[in-house]
*Asks:* 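Quick one: this structure, given as structure tokens, is what I'll be asking you about.
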Amino acid sequence: MKNAPTYEPAAVEARWQRLWEERHVNEPDVDRPRRPFYNLMMFPYPSAEGLHVGNMFAFTGADIYGRFKRLAGYDVFEPIGFDAFGIHSENYALSIGAHPAKLIPQNIATFRRQLRRFGGMFDWRHELSTTDPRYYKWTQWLFLQFFKAGLAFRKRAAVNWCPACKTVLANEQVINGYCERHPDVRVEQRFLEQWFFAITRYAERLLRNLDALDWSESTVAMQRNWIGRSEGAELAFETPGGAVITVFTTRPDTVFGATYMVLAPEHPLVDELTADEQRPVVNAYRREVQTKDIVSRKVGEKTKTGVFLGSYARNPATGEAIPVWIADYVLMEYGTGAIMAVPAHDERDFEFAQQFKLPIVQVVRLQGQALPIVSEEGVLMHSGQFNGLTCRDGAQRIVQWLAGKGLAKAQVQYRLHDWCISRQRYWGPPIPIIHCDRCGPVGVPEKDLPVELPFIEDFRPDDTGVSPLARHREWYFVKCPQCGALGRRETDVSDTFLDSAWYFLRYPSTEFDDRPWDPQRTKTWLPVTTYIGGNEHAVLHLLYSRFVTMALRELGHLHFEEPFPKLRAHGLIIKDGAKMSKSRGNVVIPDAYIQKWGADTVRMYLMFLGPFQEGGDFRDEGITGIRRFLDKVWALAHEAAAAKARPLPPAVEQKLHQTIKKVTADTESLNYNTAIAAMMEYVNEVRSADCGVRSAMEPLLVLLAPYAPHLAEELWGALGHGETIFTAPWPGYDDRIAAGGDVEIAVQVNGKLRGLINVPRGTSQDDVVKRALADAGIRKFVDGKPLRKVVYVQDRLVNLVV
RNA sequence: GCCCGGGUGGCGAAACUGGUAGACGCAUGGGACUUAAAAUCCCAUGGGAGGCAACUCCCGUGCAGGUUCGAAUCCUGCCCUGGGCACCA
């Protein structure tokens with residue numbers, strides 16, 4: 001022990017990172033694995049600041065799981081890549097006056113270095129970047145498949161427009177109605193022709209399949225929420241001029257209480273239904289609404305505004321004429337863009353009716369409740385032949401009745417919208433479409449893919465509202481593939497979420513340039529065995545990936561429809577009580593910590609902060625505890641290398657079996673913090689028993705290998721093993737040894753702990769009570785009173801009730 | 001407003017299915033080693049009261065109730081906090 005070398009992580013880690021690469025340790029046989037295990041983590045966006053501890057936390061947690069499975073005998077494929085297209089990169093490049101095409105490769109190089117340094121078990125042969133033409137060729141191919149299948153289509157849609165940036169903004173870039181880069185410029189609404197993917201066609205399946213997925217509950221809940229299924233009915237309100245206003249409602253039972261109607265200001269029937277004397281007011285209101293951006297219209301001021309169109313529609317239940325209004329609290333993109341307003345039973349309608357003095361008719365009675373009564377627990381009134389029915393029965397009967405007259409049908413509505421994939425930006429894959437005056441939009445022939453993103457020195461958006469790509473004349477004008485006439489390329493690029501919606505399909509097949517994914521490889525590795533990532537992608541990324549997979553399956557390109565049968569969401573690393581972000585200036589870059597303490601220590605420290613699936617608070621203080629632990633393991637292993645073999649004392653042996661059991665279970669369930677605590681307890685035990693021998697240390701090193709891979713490798717070698725530790729078997733345990741011979745039983749009197757006794761495992765209740773009553777300290781509380789009841793939990797506790 | 005989490009020592013956190021609350025680690029205090037410091041090692045550490053002492057007792061898991069022999073854990077109501085959604089008809 002005297003001559004043990006000191007633990008120098010930097011040297012150990014560099015050595016093993018080199019050896020892993022030289023010996024291809026982390027590269028499974030992708031063609032003929034015996035037990036394939038696809039261990040996927042969400043790939044990073046390579047920011048200019050470099051990988052931060054939040055990334056490292058996520059990757060470490062995923063990597064531990066992959067290494068654990070490797071030790072359990074699987075051929076683990078653990079790829080990594082870069083999600084490098086997108087507005088983020090582009091805006092950052094703009095802000096520092098650089099070009100993303102130059103910036104991104106630098107960022108990726110930094111990330112690559114950091115990812116190697118922390119010791120991830122990555123198969124670098126299969127690295128990918130979404131900005132690589134070899135990758136986005138297939139992103140474009142995917143678009144074409146959807147286009148051919150009618151799943152990609154064009155539609156005019158409202159977008160956020162910043163008059164200062166002179167470009168379209170994503171919803172996330174609008175902060176309370178103002179541009180994120182121009183805090184004093186109000187964002188406006190513009191209508192542009194956009195490309196959409198028909199995700200809503202899969203709404204029901206996306207929802208239904210959730211039941212069968214092994215996912216974190218919170219993630220499932222968010223997806224359910226987002227899809228937002230609601231059952232109700234479509235009702236028809238006829239107008240004197242012959243036009244029919246169709247509304248969606250979840251409360252057809254309240255139709256007798258519909259005293260007015262509201263259309264979204266953009267509703268196509270507005271012109272037709274506007275009376276001449278109201279036209280000036282109506283037009284003024286519509287203009288006003290248009291200058292509001294979409295986000296602030298939804299989130300901002302909640303005071304209701306609206307104007308009367310000057311015309312009426314017939315309530316299909318009462319037959320009465322009710323006024324038709326427009327108001328911006330009704331949204332064109334949900335339902336039919338029109339509602340029947342039932343002020344007595346809807347808070348929004350109630351507020352609106354009060355403000356504009358519209359009639360309020362109560363049709364649901366519920367004891368002790370004041371209007372508006374929103375609950376569905378009540379009983380119908382003022383509803384003709386339906387009086388006295390419960391809301392639920394009433395709804396059904398009323399829809400039936402109106403359906404008989406052709407004025408209603410049951411309807412399911414989703415909140416989910418079709419996915420707008422157009423971006424009037426530069427830094428993304430060009431949408432592979434050529435517009436021809438004769439043929440319309442024509443797909444670029446697959447043999448001409450990729451449509452390479454041309455290098456444009458000035459990629460800044462201009463005030464035309466057209467993507468910068470339109471300025472590149474020799475790129476922009478191109479022959480129509482169908483008729484040969486002069487056409488124009490689509491100048492929008494696609495959403496970054498499309499890049500990431502299929503990357504997991506590409507990883508196993510990165511070396512093929514003639515197919516997006518190889519059928520054999522895909523059959524071998526997919527669907528992904530375990531996917532680990534952050535809940536910030538609970539909705540968009542995961543939903544889009546599921547949709548793309550589902551659609552590809554239907555088009556015959558895949559053999560499965562759910563890409564991620566098992567998903568676990570990790571928590572968030574907090575710093576100084578707040579989420580890490582550049583704007584708060586509390587982003588921690590791990591490099592300095594790794595340099596000072598070693599990657600193994602930082603990995604374990606991050607995992608020890610708290611439960612992996614909940615996250616933790618990053619502080620510098622605790623890290624020494626982990627390093628001390630690894631120093632002890634280092635010393636003990638070197639001691640063991642020199643020591644003679646001798647049997648383990650029973651207490652150490654028992655602790656060893658308990659530790660193997662706990663670390664196995666906790667690692668499988670991603671409870672890394674408690675697994676680490678268990679290993680610490682074991683090391684404390686070995687030290688206090690002064691028993692640093694091979695049989696005590698070898699199993700520990702294997703348990704530790706997923707957490708501190710470099711150190712485990714080094715010490716495994718020091719104990720004389722020539723092979724990597726990752727070929728060793730995961731240690732087993734014997735439950736009987738773990739349980740041990742004697743047990744300590746808690747003795748309670750009237751539920752309060754009064755003493756502890758030691759008895760052999762399996763002692764009967766009578767004997768335990770006898771032993772307990774023999775103890776003076778316990779008898780004192782029983783105090784001669786008769787035993788009323790005895791509760792005995794085998795080998796744990798006895799409660800004497802007196 | 002709606003849907004998920006979470007509230008436990010000075011701090012990060014443990015606690016199986018209701019069964020010894022605070023494992024493990026940090027920090028702190030004391031001691032050993034050292035000329036000294038660092039490192040390392042040993043001991044103590046939820047709060048309070050009593051005792052020279054080994055020790056003994058009381059209180060304690062956001063708050064107020066309840067169920068139970070027994071509640072951090074289950075139930076009811078409330079408070080605080082993190083996240084998601086948000087005029088979705």
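In this text, all values refer to a predicted model and were calculated from it rather than measured experimentally.
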*Asks:* Measure CD/A/Q613 against C1'/B/G83 and give the value in whole Å, please.
*Replies:* 16 Å
*Asks:* Given B/A21, B/G25, B/C87, identify the nucleotide with an atom nearest to the side chain of A/F608.
*Replies:* B/G25
*Asks:* Rounded to whole Å, please give me the gap between OH in A/Y682 and C1' in B/G25.
*Replies:* 20 Å
*Asks:* Is it the case that A/R546 places NZ or CZ above or below the six-membered ring of A/W215, under 6.0 angstrom from the centre and within 45 degrees of the axis?
*Replies:* yes
*Asks:* Which is it for A/W419 and A/F497 under the ring-ring contact (aromatic ring centres under 6.0 Å, His included) test, yes or no, and what are the steps along the way?
*Replies:* CA-CA 10 Å; A/W419 174 14; A/F497 277 113; 7.5 Å; no
*Asks:* Using whole Å, what does the distance between atom P of nucleotide B/G18 and atom CG of A/L753 come to?
*Replies:* 21 Å
*Asks:* For B/G9, does the O4'-C1'-N9-C4 (purine) or O4'-C1'-N1-C2 (pyrimidine) torsion place it in syn, i.e. within 90° of 0, or in anti?
*Replies:* syn
*Asks:* Under 4.0 Å: is that the gap between some side-chain N or O of A/R627 and OP1 or OP2 of B/C26?
*Replies:* no
*Asks:* Side chain of A/R224, base of B/C85: donor and acceptor closer than 3.5 Å?
*Replies:* no
*Asks:* Looking only at side-chain N and O atoms, does A/R628 come under 4.0 Å of OP1 or OP2 in B/C26?
*Replies:* yes
*Asks:* Return whichever of A/S230 or A/A221 has its heavy-atom-nearest nucleotide of RNA chain B closer to the 5' end.
*Replies:* A/A221
*Asks:* Taking the side chain of A/R619 as its heavy atoms from C-beta onward, which of B/C87, B/A15, B/C11 lies nearest to it?
*Replies:* B/C11
*Asks:* A/K632 side chain: which of B/U20, B/C41, B/A15 is closest?
*Replies:* B/C41
*Asks:* Reckon A/N225 has a side-chain N or O less than 4.0 Å from the OP1 or OP2 of B/A86?
*Replies:* no
*Asks:* Evaluate A/Y260 against A/F352 for ring-ring contact (aromatic ring centres under 6.0 Å, His included), listing each step before the verdict.
*Replies:* CA-CA 10 Å; A/Y260 64 100; A/F352 192 81; 5.6 Å; yes
*Asks:* Side-chain N or O of A/R687 versus OP1/OP2 of B/C41: is the shortest distance under 4.0 Å?
*Replies:* yes
*Asks:* Return yes if the base of B/G19 and the side-chain atoms of A/Q748 contain a donor-acceptor N/O pair under 3.5 Å, otherwise no.
*Replies:* yes
*Asks:* Measure from CZ on A/F629 to C1' on B/U40 and round the result to the nearest Å.
*Replies:* 17 Å
*Asks:* Within the structure, does a side-chain N or O atom of A/N535 lie under 4.0 Å from either OP1 or OP2 of B/G83?
*Replies:* no
*Asks:* Mind checking whether A/H570 and A/F57 have parallel, tilted or perpendicular rings, split at 30° and 60°?
*Replies:* perpendicular
*Asks:* If you pin A/A338 and A/V793 to their nearest nucleotides in RNA chain B, which one's is more 5'?
*Replies:* A/V793
*Asks:* Of the options B/G84, B/G19, B/C69, whose atoms approach the side-chain atoms of A/M222 most closely?
*Replies:* B/G84
*Asks:* Taking the side chain of A/L797 as its heavy atoms from C-beta onward, which of B/U20, B/A27, B/A14 lies nearest to it?
*Replies:* B/U20
*Asks:* Nearest whole Å is fine: how far is B/A89 P from A/L331 CG?
*Replies:* 11 Å
*Asks:* Are A/R392 and A/E377 close enough for a salt bridge, meaning some N to O gap below 4.0 Å?
*Replies:* yes
